[in-house]
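Okay, structure first, notes after.
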Protein chains: 2
Amino acid sequence: MSPRPKIGLDLTTILEAAGVLADQLGIQEVTLANLAKNLGIRPPSLYNHFDGLPGLRKKLAIYGIDKLYSRMADAAIGVSGTEAVLAVSQAYVNFAREHPGIYEATLLAPDPEDVDVQQAGAKIVDLSVRILQAYRLEGESALHAVRGLRSILHGFSSLEQRGGFKMALDLDESLVIIIKAFLAGIAGDSPTTTD
Amino acid sequence: MSPRPKIGLDLTTILEAAGVLADQLGIQEVTLANLAKNLGIRPPSLYNHFDGLPGLRKKLAIYGIDKLYSRMADAAIGVSGTEAVLAVSQAYVNFAREHPGIYEATLLAPDPEDVDVQQAGAKIVDLSVRILQAYRLEGESALHAVRGLRSILHGFSSLEQRGGFKMALDLDESLVIIIKAFLAGIAGDSPTTTD
DNA sequence: TATTTTAACTAATGATATTAGTTAAATCAA
DNA sequence: TTGATTTAACTAATATCATTAGTTAAAATA
């Protein structure tokens with residue numbers, strides 16, 4: 001009958017297609033039906049590559065976290081102190097802007113406690129710890145500061161994405177002001193590096 | 001045949017049931033099928049009360065925003081300055097903890113630009129503006145500060161809900177430290193009220 | 001009391017994820 | 001090179017949804 005070409009899909013290709021789908025139509029449109037259609041195969045064939053929709057969601061989450069981490073790590077090269085935090089923050093927010101669906105998937109793993117998901121996320125936490133080390137925070141203060149930075153970055157990105165900021169007011173400017181205020185507050189105005 | 005008792009449901013009852021469902025099983029389990037089962041009616045009957053699943057999501061979002069606003073406004077009574085911001089912040093986070101599903105619904109309206117949704121959200125923005133007025137920010141600074149506070153509160157709540165904070169470190173303490181740092185940063189350490 | 005509105009219903013449709021079992025292409029070992 | 005195995009596609013079938021259309025009886029109203 002019809003030829004069954006055995007396309008030979010690999011997981012990366014599938015995840016990229018899922019990412020495009022997420023960014024273009026939103027995460028809720030990343031269905032096995034839509035994904036299969038875009039790939040030119042039938043929905044059940046996808047089960048050869050991952051364990052159903054939850055499996056896809058998990059893999060897409062890790063895929064997205066890794067991508068986000070790359071962008072942050074890139075931005076952190078060759079900078080330090082406030083400059084580094086600002087660069088990494090802008091990279092974070094820009095990633096969420098360019099890849100709203102993938103960013104959303106990042107926080108949508110079926111089980112956030114999953115070891116693989118945790119491991120991917122840990123790299124981002126570690127990076128945050130490192131760029132905040134310039135502020136010489138003592139003991140637990142550094143950990144609280146990491147939580148604060150992540151809260152700001154995720155909250156800002158999420159609210160921007162959902163149209164939460166209605167005022168006619170430059171968004172990038174807001175981010176810089178918010179980050180600077182937070183850093184000034186935790187450092188008592190004494191970062192350890194030259195700015 | 002079987003009696004058709006005409007229960008006489010009103011929208012509030014339905015939204016409360018939907019809220020319980022959201023908090024107990026997660027927002028993705030707030031289906032017309034589940035909701036109808038909990039209410040003792042058949043799914044199509046729900047269409048007499050709202051316009052399908054998108055209609056329910058919109059009404060649940062507004063319902064949640066109103067509830068959240070009430071809690072924040074309550075917390076703001078009789079306090080000012082840093083104390084007010086902290087009280088409102090804790091109310092916000094506690095609401096998200098107690099009602100994770102309703103909180104999630106708050107940001108899940110099908111159309112965030114919808115007038116009714118905007119109107120509900122505006123009350124929260126206004127409240128934020130008022131409690132930050134103690135810091136005497138000039139011009140646009142106040143608006144940037146509101147964005148910062150909202151980013152922190154939403155980011156913190158969302159990340160806590162999704163298991164984003166793994167460290168063995170007191171969460172309430174983190175929130176207080178983060179808010180205080182942010183306020184110190186935007187105020188240059190000069191809130192206008194007695195603390 | 002008669003009419004209208006309301007809130008439930010049944011029946012049917014289409015989209016979805018998922019499972020089971022099948023088949024042929026690709027890979028690999030002898 | 002050939003035979004066996006693995007892999008990646010498939011068809012068919014099922015269950016769960018949301019949704020629409022059309023119906024009916026209870027409740028409200030005139």
Side-chain angles (χ1 to χ4, degrees), chain A residues 1-22 24-61 63 101 104-105 108-111 114, chain B residues 1-63 101 104-105 108-111 114:
Chain A
M1 317 296 162
S2 50
R4 232 164 311 171
K6 191 134 184 177
I7 305 173
L9 291 173
D10 65 342
L11 194 54
T12 304
T13 304
I14 295 177
L15 289 178
E16 279 169 3
V20 170
L21 206 46
Q24 288 182 344
L25 304 179
I27 190 69
Q28 76 287 351
E29 291 299 316
V30 180
T31 64
L32 298 190
N34 274 338
L35 184 54
K37 184 174 297 180
N38 279 16
L39 292 168
I41 61 176
R42 304 288 177 157
S45 307
L46 290 170
Y47 285 75
N48 290 312
H49 300 281
F50 46 78
D51 201 9
L53 197 54
L56 173 62
R57 292 239 162 93
K58 172 186 160 177
K59 287 185 190 300
L60 192 58
Y63 167 82
E104 212 182 343
L108 221 74
D111 175 18
D114 179 277
Chain B
M1 317 299 167
S2 50
R4 230 164 314 173
K6 192 136 186 175
I7 305 171
L9 291 172
D10 66 341
L11 195 53
T12 303
T13 304
I14 295 177
L15 289 178
E16 278 169 2
V20 170
L21 206 46
D23 287 340
Q24 289 180 343
L25 303 181
I27 190 69
Q28 76 289 352
E29 291 300 315
V30 181
T31 63
L32 299 189
N34 274 338
L35 183 55
K37 185 175 297 179
N38 280 17
L39 291 168
I41 62 175
R42 304 287 178 156
S45 307
L46 290 169
Y47 284 74
N48 289 313
H49 299 281
F50 47 77
D51 199 9
L53 197 53
L56 173 62
R57 291 241 162 92
K58 172 185 161 176
K59 287 186 189 300
L60 191 59
I62 295 170
Y63 168 82
E104 214 181 342
L108 222 74
D111 175 19
D114 179 277

Whole-Å distance, A:Arg57 CZ to C:dT16 C1', equals 12 Å

A:Leu46 CG to D:dT7 C1', in whole Å, measures 15 Å

In whole angstroms, the gap separating P of D:dT23 from NZ of B:Lys6 amounts to 17 Å

query: Do the non-hydrogen side-chain atoms of B:Leu32 and B:Phe50 ever get within less than 4.5 Å of each other?
result: yes

The nucleotide from D:dA26, C:dT18, C:dT10 with an atom nearest the side chain of A:Pro44 is C:dT18

note: A:Tyr47, atom OH; D:dA13, atom C1'; distance rounded to Å ~ 14 Å

Expected list for residues 49-56 of chain B near DNA chain D, using heavy atoms below 4.0 Å, is B:Gly52, B:Leu53, B:Pro54

Verdict with reasoning, A:Val30 to A:Leu56, per side chain to side chain contact (heavy atoms under 4.5 Å, CB included) = CA-CA 9 Å; A:Val30 180; A:Leu56 173 62; 3.9 Å; yes

Hits for side-chain contact (heavy atoms from CB on, under 4.5 Å) against B:Ile62, two or more places apart or cross-chain, chain-then-number order -> B:Lys58, B:Asp66, B:Asp116, B:Val117, B:Ala120

From the candidates D:dT11, D:dT19, D:dA8, the one with an atom nearest any side-chain atom of A:Asn48 is D:dA8

In whole angstroms, the gap separating P of D:dA8 from CD1 of A:Ile41 amounts to 11 Å

Here the salt bridge (Lys or Arg N to Asp or Glu O under 4.0 Å) pairs for residues 28-51 of chain A, sequence neighbours left out, are none

Check: B:Leu35 main-chain N/O paired with B:Asn38 side-chain donor or acceptor under 3.5 Å = no

Worksheet item: Between C:dA7 and B:Ser45, is there an OP1 or OP2 to side-chain N/O distance shorter than 4.0 Å?
Response: no

Atom CG of A:Leu39 and atom C1' of D:dA8 are separated, to the nearest Å, by 13 Å

In whole angstroms, the gap separating C1' of C:dT16 from CZ of A:Arg42 amounts to 15 Å

For A:Lys59 and A:His49 the tightest heavy-atom approach is CE-O, 4.2 Å

Residues in residues 14-37 of chain B with a heavy atom under 4.0 Å of DNA chain C, by number, are none

In terms of heavy-atom contacts, A:Ile41 and A:Leu46 come closest through CD1-CD2, 3.7 Å

By side-chain contact (heavy atoms from CB on, under 4.5 Å), A:Ala61 pairs with (sequence neighbours left out) A:Ala109

Side-chain donor-acceptor pairs under 3.5 Å in residues 11-23 of chain B, sequence neighbours left out?
from	atom 1	to	atom 2	distance (Å)
B:Thr13	OG1	B:Asp10	OD1	2.4
B:Asp23	OD1	B:Gly101	N	2.8
B:Asp23	OD1	B:Ile102	N	3.0
B:Asp23	OD2	B:His99	ND1	2.7

